[in-house]
Amino acid sequence: MSSVAVLTQESFNEHRNGLMPEQSGAPGAGPGAGEEEEALPTYKDAFPPLPEKAASPEGTQETTNAWTSKIRPLKSSVITQVFHVPLEERKYKDINQFGEGDQAKVCVDIMHKTGAHLELSLAKDQGLSIMVSGKLDAVMKARKEIVSRLQTQASATVAIPKEHHRFVIGKNGEKLQELELKTATKIQIPRPDDLSNQIKISGTKEGLEKAKHEILLISAEQDKRAVERVNIDKVYHPFITGAYNKVVGEMMQETGARINVPPPSVNKTEIVITGEKEQVALAVTLIKKVYEDKKKNATTIAVEVKKSQHKYVIGPKGNTLQEILDKTGVSVEIPPSDSSSETVILRGEPDRLGQALTEVYAKANSYTISSVTAPSWLHRFIIGKKGQNLAKITQQMPKVHIEFTEGEDRITLEGPTKDVQMVQGQIEVIVTDLISRMDYTEISVDPKFHRHLIGKGGVNINRIKELHKVTVRIPPDNEKSNLIRIEGDPQGVQEAKKELLELASRMENERTKDLIIEQRFHRAIIGQKGEKIKEVRDKFPEVIINFPDPANKSDIVQLRGPRNEVEKCSKFMTKIVAEMVENSFSVSVPIFKQFHRNIIGKGGSNIKKIREETNTKIDLPAENSNSEMIVITGKKVNCEAARNRILAIQKELANITEMEVSIPSKLHNSLIGSKGRLVRSIMEECGGVHIHFPTEGSGIDKVTIRGPVEEVEKAKQQLLALAEEKQTKSHTAELRAKPEYHKFLIGKGGGNIRKVRDSTGARIIFPTADDKDQELITVIGTEEAVREAQKELEELIKSLDNVVEDTMNVDPKHHRYFVSRRGQVLRDLADEYGGVMVSFPRTGTSSDKVTLKGAKECVEAAKKRMQEIVEDLDAQVTMECVIAQKFHRSIMGPKGSRIQQITRDHNVQIKFPEREDPQAAAAAAAAAAAPPTEAPIQENGEANGEVKEPVDPNAPKKCDVIVLSGRKERCEAAVEALKALVPVTIEVEVPFELHRYIIGQKGSGIRKMMDEFEVNIQVPAPEQQSDKISITGLANHLDRAKEGLLDRVKELMAEQEDRALRSHKLTITVDPKYHPKIIGRKGAIITTIRTEHDVNIQFPEKNDENQDQITITGYEHKAIAARDAIQAIVNELEDMISEDITLDSRVHARIIGARGKGIRKIMDEFKVDLRFPQSGSADPNLVTVTGRPELVDEAIDHLLNLEEEYMADVVENEAKMAYMRPPGGSAAAMDDHRGPSKGFVVREAPWTTGSEKAPDMSSSEDFPSFGAPVPTKASPWGPKRF
């Protein structure tokens, strides 16, 4: 690594000032040339050499010089690497664009993305050198990006066995990522389900070779490895692993192979050995040797050990079993924990079994279980805070297991006998001590007060606990218990009990009050972020205020606390609500839309003034809204004042008048009309006047009309005429009838009520389902008509009130029809005939007597209807209609709607057959196709004693027969209706090439037609190349569908013709230098031509041969017009001239302006193009002006004037700078005395000692430019590096 010393003017002055006076010399002293030379520093003084790494004889002394005394060595975390991209591998080879264009943009993007610093340079061979600096990971990432984005990519594949792929990927893909970073390539490994073994690598040639080599190395390593699986009986696995895995460990150490023996918990017999082939073979031999030896010599013995003692034989993590195996060489087999067996099997050498048996019994009996009596409420005190007390015991006796059972007054101990006895003694001492100094008590408090005892965030209960040194257990809400338990010091328990009971009694004396406050005010009372309600709570701290959940839409606000405080808080909140109600008065003012902005005023000044002075809230409709209403909210008096001021503004602005008309309030609703339709039509007819009716129920007769004078008068006449008409002709009467009579009064299809209307001329209005009074009937019309209608209705109602009872005979076989479907027929009769009650005899009796009870006329009508039904039932026939099963679904319609309609229209019952089983149908078809078999043997002329009817092949299938029930003539009509619903298919000729357009995007076109015409349209598959489209549907729909399809075909053919006309192409030859001008700034000019002439204009791509050809596509006449427009621009451009002028480069920046604003303004004003020189150009003052001759002259004059103006400022600034003191201080002053600077001169420099001279900065050899070939030249500086 080389070091470069950079000497600036400031550092040089500083260096010179540091010299001694006698060294520097004074200019007035007149020193000789020799003295002046001696005053110069030597090369070694100015540039001290780097320290030599020569070890001193003592080994401790280090070389000290000017560098080591000041600079401390630091280890840098920043590294620098240089990457070379050969010319043939460069992606961007355009040398003219070096330092700009895509290559530079890519480098900037890489720097942003990776955080590394990039420097580009061109080598003599036109290769690209990239120096990357930064942290290691940033440099590696940048390297990968450089290779993928600046270097041409190649690809290669390498084949390795499929089973080796996972080793290339590595754990969590780490190995693959490392390989890609290391080689700067992209490696693609086939997925596990892909059978291919080819790994694809893409990147540079060098990277490809590296990656290929690394992958083959990994595969070669795996080729040396082998895998062997040996099946050994599970019972012999302990002998192969040995105690504490010693035997298997020794085997692995000896052979170098990896041996995987399944753990005892896994029920597998397979042992897997992996490693080098020789190592695996040796390991298999050793395993089999152990197995054969133990199989030959080992015997077993079975003993009974209590199930509860098995865990002691196993030991923690199976350590005891390992210990027995280690001591005796015997394997102990314990039955699984889920097995009820108590038999333990010992397997090993016969002479070792006795010792192992002794060990097993010793381990089984080495542990004991004991218990200590301790009240359950003391358990947590025995355990201690975070188990501290218990931890002291368990640390001393770690083998003892202590178990506390919730709700039981005992503690269970389990462990070695001696240890258990010691722990038992310690716990008994603790229990005795706690009982002597601890106490508990329970108090009963209503659960509704529990959360108040706890307090917000537990503040109350925590204070009691800390004060009295007790623990208080309050049951959770879900327990619904009223017992609170207090535990601790006896005195503290009593004090805590007393305080809690006092708190509870105080809460019982509290009062809860419900305030009714409209929910719309809740948010306003609470305030933003609860600020307002906080003020109320601070004022009444003892009162708890609960607002309902907004979702509940409740108006009840609950106050709870001491009686007096609750009353005070209630009054205070009532006062707040009263103020809100007073301030929530609202009035709407209709103001013509064009005057809204005048009411707002400039910057909202008018509206703001009205709001402040009247203390109201004024809301105007949005600009895009059609509403003219301005809403004013506040106190009533203030709202009226604001309303008057707004109306006054409108009156001033236009010829607006306001008039009041007196119309009786009872007529207002009829004049307004349903949903305001009548009054709205008057307002629209009279030029948009505003008609304001008083609030309903106010009793005020005055109606206000506001608008232009003429229109107001017109509206007044219309209103008065309408009111007079209503008043003279309209009369209203009311009468009452039970709601169940209404249907009978209206009659079937409104027949009864229509008769009354026709005979009297009155209008009768029955209540709707939403009306509160369901009995009220209103009659409207002339007085005479109303009187007659009222009389007729009253007679009808009177007759309905006259309840009678009648009987009729109905054959019992028809009773089921009336009472089936939960008595639906009877319910329909009751609804239709004024609530008449029909009673049938009990089921099981043979009586045919049916009782009817209700109004006389209703009973008579119901009786008549029932007789009609009975007649229908007697005349009922069953008829079959044969329709193929495949059409049944279509006939039924969506959710059976079509069949329900036929049932209603023809009053018949229709039953569809069960669907045919496809398998049974196939079997029947196969049987029919089979050859006739030999006739069965007949007995007494019968086949197997049974006579079988021959099956008629022409008989309809059961699944095709639809059964209809009802009167014969109705059934026949229904059969015709059913057959009319059978779909028919027709074919329509449509050219094949139009099929895809008919189908539409994702089938949208064909779906639309199918929905519109209620048919199914089937388009043949593309491979059939058929011109026929099938339409299936009802016969009456097919003609419309066919017509619609043919219309669509005509449309598509017209579109095709239009498309052909639109695709007319024209080419125009235009010099490429004019293309940017034709396109315009951001494509503005070409977009205008495209839009104006509705054409597509295509400019040549960079690689096209004909760079001067512009293609225009569209209608022929429009393409010609667009061509003429382009030609006109070209002609204009050809008339332009270019002139060069000299403008001082110091004023260029000011002429261009910030972000080019100045130059754009000049170009737009004079309609010329300006080109300023680029940095480094031969003449930095040369500016080119292009445009029409007269405009160019004007632009040049303007530019020269600007230059003159700006140059005056430049000269003035330079003159000021000359008088300003330079930053060098006295050193700079000394320079002025010394005259022109000779630069920085040193004595005894390397170039003065030999024949060589200092490098010449103007020489292209010593300082070559990029891309220029330079001959190599020897130098005292050493060989040159590029």
Side-chain angles (χ1 to χ4, degrees), residues 736-755 766-769 774-775 777 793 796-879 895-897 899-912 963-971 973-974:
R736 309 183 79 78
K738 291 178 184 176
E740 55 265 28
Y741 293 166
H742 290 188
K743 282 192 178 179
F744 186 76
L745 291 171
I746 294 164
K748 193 171 183 180
N752 295 352
I753 209 71
R754 201 178 297 114
K755 284 178 189 174
F766 285 84
T768 62
Q774 289 291 309
E775 292 188 356
I777 300 170
L793 286 171
L796 280 170
I797 293 164
K798 193 176 180 182
S799 65
L800 289 171
D801 284 334
N802 183 18
V803 177
V804 295
E805 190 173 307
D806 198 358
T807 59
M808 66 179 290
N809 295 327
V810 177
D811 195 317
K813 68 181 180 183
H814 299 314
H815 289 191
R816 182 177 176 81
Y817 173 81
F818 287 97
V819 297
S820 62
R821 292 180 294 149
R822 298 182 183 177
Q824 183 63 44
V825 176
L826 296 179
R827 279 202 301 276
D828 292 345
L829 284 168
D831 289 345
E832 196 171 340
Y833 300 105
V836 67
M837 289 174 63
V838 183
S839 302
F840 279 79
R842 287 182 177 277
T843 310
T845 61
S846 57
S847 172
D848 62 353
K849 193 176 181 183
V850 176
T851 307
L852 295 88
K853 191 176 181 181
K856 188 178 179 182
E857 290 187 17
C858 292
V859 167
E860 288 299 325
K863 189 175 177 181
K864 187 180 176 184
R865 175 68 187 129
M866 285 179 71
Q867 283 168 349
E868 286 175 7
I869 292 169
V870 170
E871 283 175 21
D872 283 349
L873 292 170
D874 285 333
Q876 197 171 59
V877 295
T878 301
M879 197 175 281
K895 296 181 181 178
S897 58
I899 216 70
Q900 286 167 13
Q901 188 64 41
I902 292 172
T903 305
R904 281 195 299 271
D905 291 349
H906 301 284
N907 195 17
V908 293
Q909 297 294 318
I910 302 172
K911 186 180 179 186
F912 280 80
V963 180
L964 295 89
S965 304
R967 282 182 175 269
K968 188 179 179 183
E969 62 276 10
R970 290 176 182 169
C971 286

Smallest separation among heavy atoms of [X] and [Y], with atom names:
X      : Y      : result
Ala974 : Leu964 : CB-CD2, 3.5 Å
Gly966 : Val908 : CA-CG1, 4.3 Å
Ser965 : Cys971 : C-SG, 3.6 Å
Phe818 : Leu826 : O-CG, 3.6 Å
Ser847 : Pro841 : O-CG, 3.4 Å

Legend entry - Presence of salt bridge, Lys863 and Glu860, under 4.0 angstrom: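 So Glu860 does not pair with Lys863 through a salt bridge.
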Legend entry - ring pair (Phe, Tyr, Trp, His ring centres under 6.0 Å) contacts in which one or both residues fall within residues 846-870, not counting sequence neighbours: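 Listed once each, the pairs would be none.
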Are any non-hydrogen side-chain atoms of [X] and [Y] less than 4.5 angstrom apart?
X      : Y      : value
Met866 : Leu829 : yes
Val963 : Phe912 : no
Asp848 : Asn809 : yes

Legend entry - Atom CD of Glu969: over 12 foreign heavy atoms under 6.0 Å: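 Count over threshold, so yes.
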Inset, instruction - Determine whether more than 12 heavy atoms belonging to other residues, nucleotides or ligands lie under 6.0 Å from atom CE of Met879. - result: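 Count over threshold, so yes.
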Legend entry - ring pair (Phe, Tyr, Trp, His ring centres under 6.0 Å) against His815, all qualifying residues, sequence neighbours excluded: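 His815: ring pair (Phe, Tyr, Trp, His ring centres under 6.0 Å) contacts with Phe840.
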Inset, instruction - Find the distance between CG (Leu852) and CE (Met808) and round it off to the nearest 0.5 Å. - result: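 Going from CG on Leu852 over to CE on Met808, the span is 6.5 Å.
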Legend entry - From Arg970 atom CZ to Asn907 atom CG, the distance as rounded to the nearest 0.5 Å: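 Interatomic distance, Arg970 CZ to Asn907 CG, rounded to 0.5 Å: 4.5 Å.
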Inset, instruction - Assess whether side-chain contact (heavy atoms from CB on, under 4.5 Å) is satisfied between Met837 and Glu805, documenting all intermediate values. - result: CA-CA 9 Å; Met837 289 174 63; Glu805 190 173 307; over 6 Å; no
Inset, instruction - Run the numbers on Ile902 and Ile910 for side-chain contact (heavy atoms from CB on, under 4.5 Å), then give the verdict. - result: CA-CA 9 Å; Ile902 292 172; Ile910 302 172; 3.8 Å; yes
Inset, instruction - Please name all residues satisfying side-chain hydrogen bond (donor to acceptor under 3.5 Å, both in side chains) with Gln824, sequence neighbours left out, ordered by chain then number. - result: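 Partners of Gln824 under the side-chain hydrogen bond (donor to acceptor under 3.5 Å, both in side chains) test: Arg827, Asp828.
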Inset, instruction - Given side-chain contact (heavy atoms from CB on, under 4.5 Å), test Val838 with Val850 step by step and report yes or no. - result: CA-CA 7 Å; Val838 183; Val850 176; 3.6 Å; yes
